[in-house]
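Below is one structure, written out as C-alpha cells; comments come after it.
Each chain gets a letter, A, B and so on, in the order the sequences are listed, and its residues count up from 1. The model shown is predicted, which means the values in this text are computed figures rather than measured ones.
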Amino acid sequence: MMEVPATGAPARGAAIATRASATRRAWSRYRANPLAVVGLIWVFLFFLLGIIGPWVAPHGYAQTNYLMANHPPTWAYPMGTDSLGHDMFSEILFSIRFALEIAIFASLAAFTLGTVLGLWAGLQGGLVDTALMRVVDFFFAFPAYFLDLILVTKFGRGMGPIIFALAITGWAGYARLIRGLVLGMRDGEMVEAARALGSSPLHTAARYLFPNVVSNMLIALAFGIPGDLTVQAALSVVGMGLNPPLPSFGNMIAAAGGNILGYPWLLYWPAGIFAVTLLSFLFVADGLQEALNPKGGY
Amino acid sequence: MSAEAPILSVDEISKDFVVNRRVLHAVRQVSLTVPVGRTVGLVGESGSGKSTVGRLAIGLLPATGGRVVFQDHDLSRLSAKAMRSLRHAMQIIFQDPQASLSPRMTAGAAVYDAMAIHRLGTAKERWARIEMLWERVGLPRSIGTAYPFELSGGQLQRVGIARALALNPQLVVCDEPVSALDVSIQLQIIQLLKTLQEDLGLSYLFISHNLAVVEYLSDTVVVMYLGEVVETAPVEALFERPSHPYTRLLIDSILRVPATGASRQPLTAPGGEMPSPFAPPVGCAFHSRCPLAVDRCRQEVPTLRVIDPEHWVKCHLAD
Amino acid sequence: MAHPPLLTVDALHTHFQRGSETIYAVNGVSFSVQPGEAVGVVGESGSGKSVTMLSLLGLVRGRVTVRVARAQFKTWDLTRLSRRQLEDVRGRDIGVVFQDPMTSLNPVMRVGDQVMEAMLAHQYAPPRAAFQRTLDLFREVGIPDGATRFRSYPHEFSGGMRQRVMLAVAIACEPELLIADEPTTALDVTVQMQILSVLQALRARRRMSVVMITHDFGVATNFCDRIVVLYAGRVVESAAVSDFLARPAHPYTRGLKGSILEIGSRGRQLNPIAGAPPTLTAAPSACTFAPRCPYALPRCDQELPLLRPFNPGHEVACHRAEEVVDHVG
C-alpha cells in the first residue's frame, strides 16, 4: 500500500475551531447513507408496531373465525386470514412483538455475557484466556442452529427457552470480538500510559479499554439482532419455534408454504415484512459501522 | 556530586524477555543515578535497550535482576497497590503522544483522569488545575474539549506533558519525547521541558537517540550499546573527550549543517551493524564494529573503568 | 547550463478531498533537476514534499486532483503518459526509494527475486543476466555475501539492510533519476551514514540524478548540490547549497536553519519558529508564512509572493527577501 504521508498532519491541527462532537459527526456520516436512513425508519416503525401492536390489533392472536378461514384481504381482515381463520394483520402485529422481545433479550444476554467474559479473557490472559477461548472455539465449531434445536427440544418452545438458547449460542462471537480488541490494546502505549498514571486494572478496563471497543461492540450487536431474528424464524420453520398459538413469522411462513398458489397472501405478507425487516436491520448495522468506524475495520 | 541522595538509583539492573522461546537479554547490569533536579541523558541506537531501562526505572516493567530505588522505595518490594499510589511521583512522557492518549477522551478528560486516579482535589479544583496546566504547557484553554485526532503532534505532546505534570511528579522519564516531531516543534518542546525543570525542580531521565538534544538538556550522559552501558560521563566531558569508540562513532555519524564556507562532511562510515541481541558477540559487545579492536576485545569482556571520577568507560583500550 | 534539464516540473497542484473539505497539499510547485544533480527537497511534515513526488509518479491515491502545467522527464511529457507507460518509466528510468522499505518490499518473496523481478518486468535483462546482475548490485549497495543473501526474505534483514535491498531494486535498470523519499529517516545515525555513503558512491559512478526528500538539513546540505525548501505546498526558496549556507533569503528558511539543534548548542538560547504550519484547508492567497514571520508587512497578508530570481541560481518567494538578507547579513 502506498502512503501519502504529508496530508495527515495539516488537517489535524485544523479542527479545533470547527469542532463538532464525535456523536454529531458520526450522525452526519450515518445520514449520508440513504439505505441506512431508510432502514432506520423501517426499524423504528417495526419497534413502534412491536410496542403498540398488541393494543391496536383488531383481533387477538388466538382468535379464530372458521367461517372466514383462508379469506383474501377485506376491510375487516386487511391482510386476509389463514386456514384457522386467524386475522393475518393481527398475527403479524403480535409476531413483531414476540420476535422483537426474543431477539432483543437474546442479543442483550449474549452481548453482556460475551462482553464480560471477553474482557476478562483479554485482560487476564494466561490460563483464563486459554480456557475461555477453547470454550468459544467449541461454540464456533459446533453448528449453532443444531445446538439451538437441542436446547429448545430439551427446555421447551416458550419465550424463555428460546431466548436462553439463542443467548447460549450467541455469546461466543461477542466474547471473541472483544477479547481480540482488548488484546490489540492491552500491550499498547495507551494502556502503558494509563498504568504509568497509577490506574488500577479495573479503572483501565472501564475508562480506557471499554470506551475504545464499545463502538465495535455496538456494531456487532446491531448485526446480532437480525441474526437472532433469522434463527428464531428458522426454528419455527422446522416446527421448533414459538409454540402455537403464539404467532411468529417462521410459523406463518412455514404454514403458508403448502398453500402458496391458493392463498398467496398467507406467504406474501409475513415473508415480505420479515424480509424487509431483516434487510433494514442489516442496513442500519452497515450504516452504524460506517458512521462509528469510518476508517474501516471491525 | 551533591550530598543529597539521588532521587533515583538504578543498580545493576537486568531485563530478559522471552521471544519465541529464546531469551533476549535486553538490559544487562545497567546502573545509573539521577540526582534531584538534574537530567540524565540515555542515548543509544534502536535495540540498545534504552527504552526498557526507562520503563524499569519507574517500575512499569519488573526487572529480572538488580534493583531500582526511587526516593526511599525499593520498587521491587512494593505491592501493586503501593506502586500505584507512588506513581504520582514518577511520570513518563512518550514518543508517540497520540498512541498514549485514549482516542475517546478529550484532552481535558485525559488530564482530569490522572488526578481522579489519585483522588487529588475536588472536581472543581481539578478543572481549575487543568486550566492552569494548559497555560503552563503553552496550550490555549479551548484545547480541553478537543479529541486527540484533532490535534497536531506538538499539541499532543504538550497534552501528554500536562497530564504528567497534573500529578506533581518529581521524576519524569522522557522517552524520545521529540523524535516524532518536526524540527521547529522539537525546539519548542525542548524549551518547554527545560523551563519546567527550572520552575518545578523536576528530575529527568531523558531517553533519546538524538545526541544534540541530549547534550542540550542533560547534565550526565549514559551511552548504551546492546543492553549495556558503555560510557557514562558529565555532558561536557562526554562530548569533549568521548572515550568509548562507540560514543565516537555516534558523534561522528551526526550530519551537521556546514558552517558558511566550511567544507562538507565526508559521507563515509565503517560498515557493520548492531549484532542480534539474541547472540551478542563474545568479549566486548562492540568489537564487531570497532575500528580499534584487538584480540583481547574478542575474548575478554571489558569492565567499566574509571578514567575520571565521574567518567566511566567500558573499553579495554580507554585510558 | 548547456544540458536541458532531466526533469522539469511547472506549477504542480495536488488537492485532496477529505469529507467536505479540500486539503490543498501542493499549490504550484515548480522545480527542475539537471543531469547528474542531487536536489534536496526539504520541508516539515505537511509541506507537500512527498506528495509532490508521488503526484509526479502517479502514486497518489484516494480522492485527489493533480494539475500541472508541465511535467517533463527527458523527452516524455509525464502528464500524457498512460498509466501503463508511467509504470514503465517508473522503475526503469526513475528509481524510487521510500522511508519504510517494508511497505515496498514483498514480505513473502526472496529479496534476490525482487531485484531480478525489477529487471525482468522492464525487459531490462534476460533471467540469467539478471541473476548475475543482482549479485553485482548487492555488492554495489554493500550487501555482503550476495549469493547467500539472495535467498533471504525481507524480515530476516535489519532496517539498514532492507534499505540497501530497496536501493538495489531502485537502481537495477540503471535509472537516470533516483527519487529517495526520507530514505534514512527511520534508521540510526550510524546506518544513515552507511546508506548515504552508498548513495553517494552510486551517484558518482553512474552520473545519476537524485531527488532527496528529507526534513533533515544535515542530510540535505551534506549530500545535495541544490536545495529546494517547501512550505505549505509551495517552494519558498531554491538555491545551490553554498548559497543556501551563505545567504538564505527566505525568513522561513532562516528560521528553520536557526532551529537546528546541533552538538555544541548547550547553554545557548533556542529560537524556535513560533506557531505552527497552516492547515491547508484553503488555497493560499497570501504568504502562508506571514503569520509566523518576524518580517511580515501588511502586504504579506494580502499578496501571494511568487518564486522569483534573487541571485543567479537562487530563487526565493518572499516580498522582502532583499531587506531580510541586508538586515541580517
Side-chain angles (χ1 to χ4, degrees), chain B residues 43-48 152-155 178 180-192 194 209-219 235-236 238-239 246 249-276 289, chain C residues 43-47 142 144 158-161 184 186-201 215-224 241-242 244-247 252 255-277 279 292:
Chain B
V43 299
E45 293 178 287
S46 46
S48 62
S152 68
Q155 288 171 320
V178 300
L181 305 174
D182 278 317
V183 276
S184 64
I185 310 297
Q186 278 190 7
L187 236 56
Q188 296 175 0
I189 298 292
I190 291 167
Q191 205 163 43
L192 174 64
K194 193 150 179 85
H209 69 278
N210 185 331
L211 284 177
V213 175
V214 166
E215 189 222 23
Y216 190 82
L217 283 175
S218 308
D219 300 297
V235 65
E236 297 85 359
L238 189 97
F239 287 93
Y246 178 63
L249 173 65
L250 273 185
I251 294 175
D252 291 343
S253 299
I254 298 170
L255 287 167
R256 300 172 184 79
V257 175
T260 310
S263 61
R264 302 204 278 185
Q265 242 165 295
L267 297 176
T268 51
E273 298 190 314
M274 194 180 283
S276 161
R289 295 170 70 184
Chain C
E44 296 180 276
S45 52
S47 64
S158 66
M161 277 297 158
T184 59
L187 304 174
D188 284 314
V189 280
T190 56
V191 183
Q192 161 169 290
M193 194 64 130
Q194 293 171 354
I195 297 287
L196 290 178
S197 82
V198 167
L199 262 174
Q200 198 177 48
H215 69 280
D216 187 334
F217 272 129
V219 171
T221 49
N222 282 293
F223 183 84
C224 299
V241 167
S242 52
F244 171 84
L245 293 174
R247 270 184 309 281
Y252 174 64
L256 262 191
K257 261 193 80 186
S259 45
I260 300 166
L261 195 60
E262 293 193 323
I263 288 176
S265 302
R266 189 174 170 77
R268 243 196 274 146
Q269 183 64 38
L270 298 180
N271 299 305
I273 308 174
T279 56
R292 302 171 74 185

Query - Leading residue by heavy atom contact count with chain B [cutoff under 4.5 Å; candidates C:G267, C:G264, C:G142] - result: C:G264
Query raised in the report: Between B:S218 and chain C, which part of the residue has a heavy atom less than 4.5 Å away: side chain, backbone, both or neither?
Result: backbone
Report task. Count the heavy-atom pairs under 4.5 Å between each of C:L261, C:L270, C:T221, C:V219 and chain B, then report the option with the highest count. Result -> C:L270
Query raised in the report: Which of the residues B:V235, B:I254, B:I185 is involved in the greatest number of heavy-atom pairs with chain C at under 4.5 angstrom?
Result: B:V235
Requested in this report: With a 4.5 angstrom heavy-atom cut-off, could you sort out which part of B:Q186 is near chain C: side chain, backbone, both or neither?
Outcome: neither
Report summary line: Across all chains, not counting sequence neighbours, the side-chain hydrogen bond (donor to acceptor under 3.5 Å, both in side chains) partners of B:Y246 are B:E45
Requested in this report: To the nearest 0.5 Å, tell me how far B:R264 CZ sits from C:S242 OG.
Outcome: 9.0 Å
Query - Set of residues satisfying side-chain hydrogen bond (donor to acceptor under 3.5 Å, both in side chains) with respect to B:S46, sequence neighbours excluded - result: C:D188
Query raised in the report: How many angstroms lie between OG in B:S48 and NE2 in B:H209, if you round to the nearest 0.5 Å?
Result: 11.0 Å
Requested in this report: Calculate, to the nearest 0.5 Å, the distance between atoms CG and CG belonging to C:L199 and B:L267 respectively.
Outcome: 9.5 Å
Query raised in the report: Which bit of B:N210 comes within less than 4.5 Å of chain C, counting heavy atoms only: side chain, backbone, both or neither?
Result: neither
Requested in this report: Let me know if C:E262 has heavy atoms under 4.5 Å from chain B in its side chain, its backbone, both or neither.
Outcome: both
Query raised in the report: With a 4.5 angstrom heavy-atom cut-off, which part of B:L181 approaches chain C: side chain, backbone, both or neither?
Result: neither
Query raised in the report: Which pair of non-hydrogen atoms, one from B:E215 and one from C:S265, has the smallest distance, and what is that distance?
Result: OE1-N, 3.5 Å
Requested in this report: Considering only heavy atoms and a distance below 4.5 Å, find which of C:H215, C:Q194, C:Q200, C:R266 pairs most often with chain B.
Outcome: C:R266
Query - Backbone N/O of B:Q191 and side chain of B:Y216: donor-acceptor pair under 3.5 Å - result: no
**Report entry** Side chain / backbone / both / neither for C:L256 at chain B, heavy atoms under 4.5 Å
**Finding:** side chain
**Report entry** Closest-packed option against chain B by number of heavy-atom pairs under 4.5 Å, given C:N222, C:D216, C:V189
**Finding:** C:N222
Report task. Could you look at C:V198 and say if it's the side chain, the backbone, both or neither that has a heavy atom under 4.5 Å from chain B? Result -> neither
Query raised in the report: Between CD1 of C:I195 and OG1 of C:T190, what distance do you get to the nearest 0.5 Å?
Result: 10.5 Å
Query raised in the report: Does B:Q265 reach the main-chain N or O of B:R256 with its side chain, forming a donor-acceptor pair under 3.5 Å?
Result: yes
Report summary line: Bottom line for C:A201: the part with an atom under 4.5 Å from chain B's heavy atoms is neither
Query - Segment of C:F223 engaging chain B (4.5 angstrom heavy-atom cut-off) - result: both
